[in-house]
Protein chains: 2
Amino acid sequence: MHNCTTHSDCIAEALHRAEEICDKRDLRFTDVRRKVLELVWQSHGPIKAYDILDQLDQRIAAIKPPTVYRALDFLTENGLVHKINSLNAFVGCSHPLRHRECYFLICSDCGEAKECCNLDIVDAVAKTSSRNRFEIKHVTLEITGECGDCRGVH
Amino acid sequence: MHNCTTHSDCIAEALHRAEEICDKRDLRFTDVRRKVLELVWQSHGPIKAYDILDQLDQRIAAIKPPTVYRALDFLTENGLVHKINSLNAFVGCSHPLRHRECYFLICSDCGEAKECCNLDIVDAVAKTSSRNRFEIKHVTLEITGECGDCRGVH
DNA sequence: AACGGAATGTTATATTATAACATAACCATG
DNA sequence: CATGGTTATGTTATAATATAACATTCCGTT
Ligand SMILES: [Zn+2]
Ligand SMILES: [Zn+2]
Ligand SMILES: [Zn+2]
Ligand SMILES: [Zn+2]
């Protein structure tokens, strides 16, 4: 499902990046927020809010939905996590500083959501928006289909 | 919110187009499906499943959620309606025959979801997908922001 | 009329998300 | 280090969205 070399490093790096970003921006990277982000990265793929909740419950007593959703809101607002609307799931952003230019290739077979960037798409979206006198706040681009691995293509 | 000249005509046309398409494809454009599509077009903008349900209830006794969702599934699968995931809402497709190339400009102020087509975007998406050896089944592009009218731009 | 498949009805429940208010932690400032 | 304002979390309840599972009806074909 993902091909990071050492996944524990991959999680640690994501947490470290988040810490730095929050530091720089004077945001509070609290315990709850850190733990939620850690679980998101642990899955290293789309994870549902209630699955996070379940996994937290095992570690911390009595975490409730609002706590998880608040943490996810914080992480999403600050570009550390993406919400994938077509899955009602959340995934860690792998480059939080260029967070607005991302889109996803979502394999309906293996469930991977590959985060990509592409200037042509960003340009085309920007142009068509301005032609329509539309001021962009947020772009969601979710491409669903089947990935090469699942199709056996090489 | 929308600028069709005569909205009753606009609804009638949409229903007529749907009828033709279903005819051609040997699909059953049943009463429930017609009524749901009619309500979607009546709103002429994103409408929620349970709002459709409420409005149906006033006309038909005891319509239940599964009935509405089934009709919406049918209409979505056959390109007559789009689901807008970021709103959990549904909107009529204004050109069902070219249904796959659409995207939406969604104004968070007035709530309009303008359906657009743009070949540059379609191309860029197709290219990046094939570069990633990814076979597209479905593309969701939802651009949220503020429309020109709401910003007072002319 | 009898059959088979598709659509709808029905009951119940799963899943996703938020409102509203109480408490606790944090942090600037005196 | 007390005080007060702000931000975050805890807590309870419920809202909003969506589907499972099974029964019945409808509809075209034979
Ligand atoms: Zn990893
Ligand atoms: Zn795959
Ligand atoms: Zn209209
Ligand atoms: Zn607007």
Side-chain angles (χ1 to χ4, degrees), chain A residues 18-19 22-23 25-40 43 46-78 80-91 108 111 140 142, chain B residues 18-19 22-23 25-40 43 46-78 80-91 108 111 140 142:
Chain A
E19 208 169 295
C22 290
D23 247 35
R25 299 183 191 164
D26 256 319
L27 301 169
R28 284 160 65 181
F29 194 48
T30 63
D31 215 44
V32 173
R33 289 166 179 174
R34 161 183 291 275
K35 269 164 187 150
V36 168
L37 185 60
E38 190 181 346
L39 285 171
V40 167
S43 99
I47 185 173
K48 305 223 156 206
Y50 274 74
D51 292 337
I52 294 172
L53 185 65
D54 289 344
Q55 292 185 243
L56 277 175
D57 259 335
Q58 297 171 1
R59 300 163 42 158
I60 311 167
I63 291 270
K64 303 283 173 25
T67 302
V68 171
Y69 279 103
R70 282 171 189 146
L72 288 169
D73 283 351
F74 171 87
L75 296 169
T76 302
E77 272 160 23
N78 294 294
L80 300 165
V81 155
H82 290 277
K83 174 164 191 190
I84 300 187
N85 281 311
S86 55
L87 300 175
N88 291 325
F90 299 84
V91 68
S108 51
T140 296
E142 297 168 13
Chain B
E19 209 169 293
C22 290
D23 246 34
R25 300 183 190 164
D26 256 319
L27 301 169
R28 283 160 66 181
F29 193 49
T30 63
D31 214 44
V32 172
R33 290 166 178 175
R34 162 183 291 276
K35 269 164 188 148
V36 168
L37 185 60
E38 190 181 345
L39 285 171
V40 166
S43 97
I47 184 172
K48 306 223 155 205
Y50 275 75
D51 291 338
I52 293 173
L53 184 65
D54 288 345
Q55 292 184 245
L56 278 175
D57 260 335
Q58 297 172 3
R59 300 163 40 158
I60 310 166
I63 292 270
K64 302 281 174 26
T67 302
V68 171
Y69 280 103
R70 281 172 190 146
L72 287 170
D73 283 350
F74 170 88
L75 295 169
T76 302
E77 271 160 23
N78 293 294
L80 300 166
V81 156
H82 290 276
K83 175 163 189 189
I84 300 187
N85 281 311
S86 55
L87 300 176
N88 292 324
F90 300 83
V91 68
S108 51
T140 297
E142 297 168 13

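Numbers restart at 1 for each chain; the letters A, B, ... are given by sequence-line order, proteins then strands.
At least one side-chain nitrogen or oxygen of B/Tyr69 sits closer than 4.0 Å to the OP1 or OP2 atom of D/dA18. Phosphate proximity of C/dT8 to B/Thr67: absent, as no side-chain N or O sits under 4.0 Å from OP1 or OP2. Look at A/Lys64 and you won't find any side-chain N or O under 4.0 angstrom from OP1 or OP2 of D/dT14.
Map B/Arg33 and A/Asn88 each onto its nearest nucleotide of DNA chain C; the residue landing nearer the 5' end is B/Arg33. Residue order along DNA chain D, read from the 5' end via each residue's closest nucleotide, puts A/Tyr50 first among B/Asp73 and A/Tyr50.
As rounded to whole Å, 18 Å separates atom P of C/dT15 from atom CG of A/Leu72. In this structure, B/Lys35 atom NZ and C/dA7 atom P are separated by 17 Å, rounded to whole Å. The separation between A/Leu87 atom CG and D/dT17 atom P is 19 Å, rounded to whole Å. Rounded to an integer number of Å, the gap from NZ of A/Lys48 to P of C/dA14 is 16 Å. The separation between A/Ile52 atom CD1 and C/dT15 atom P is 16 Å, rounded to whole Å. We find that CG of A/Asn85 is positioned 9 Å from P of C/dA17, with the value rounded to whole Å. Residue A/Leu53 contributes atom CG, which lies 15 Å from atom P of D/dT9 at whole-angstrom precision. Regarding B/Asp31, its CG atom lies at a distance of 16 Å from the C1' atom of C/dA6, rounded to whole Å.
In the set C/dA17, C/dT10, D/dA18, the nucleotide with an atom closest to the side chain of B/Phe90 is D/dA18. Taking only side-chain atoms of A/Ile63, from C-beta outward, the nucleotide of D/dA18, D/dG10, C/dT16 with the closest atom is D/dG10. If you check D/dT11, C/dT10, D/dA18 against the side chain of B/Pro65, the one that comes closest is D/dA18. Comparing D/dA8, D/dA18, C/dA17 by their nearest atom to the side chain of A/Thr30 picks out D/dA8.
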Applying side-chain contact (heavy atoms from CB on, under 4.5 Å) to B/Thr76 and B/His82, what does each step give before you reach the verdict? CA-CA 6 Å; B/Thr76 302; B/His82 290 276; over 6 Å; no

Decide side-chain contact (heavy atoms from CB on, under 4.5 Å) for A/Val36 and A/Leu75; before the verdict, give the C-alpha distance in whole Å, the side-chain angles of both, and the deciding distance to 0.1 Å. CA-CA 9 Å; A/Val36 168; A/Leu75 296 169; 3.8 Å; yes

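Figure legend: B/Arg33 and B/Phe74 shown as a cation-pi pair, the cationic atom lying under 6.0 angstrom from the six-membered ring centre and within 45 degrees of its axis.
The two residues A/Cys22 and A/Leu80 come nearest to each other via the heavy atoms SG-CD1, 4.3 Å. Considering every non-hydrogen atom in both B/Val68 and B/Ala49, the closest pair reads CG1-O, 3.8 Å.
No side-chain donor-acceptor contact under 3.5 Å links A/Lys64 to the backbone of A/Leu53.
Between its two ends, the helix from C/dA1-D/dT30 to C/dG30-D/dC1 turns its axis by 20°, counting five pairs per end and rounding to 10 degrees.
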Listing time: all N or O pairs from protein to nucleotides 21-30 of chain D that are below 3.5 Å?
from   : atom 1 : to      : atom 2 : distance (Å)
D/dA21 : N6     : B/Arg70 : NH2    : 3.3

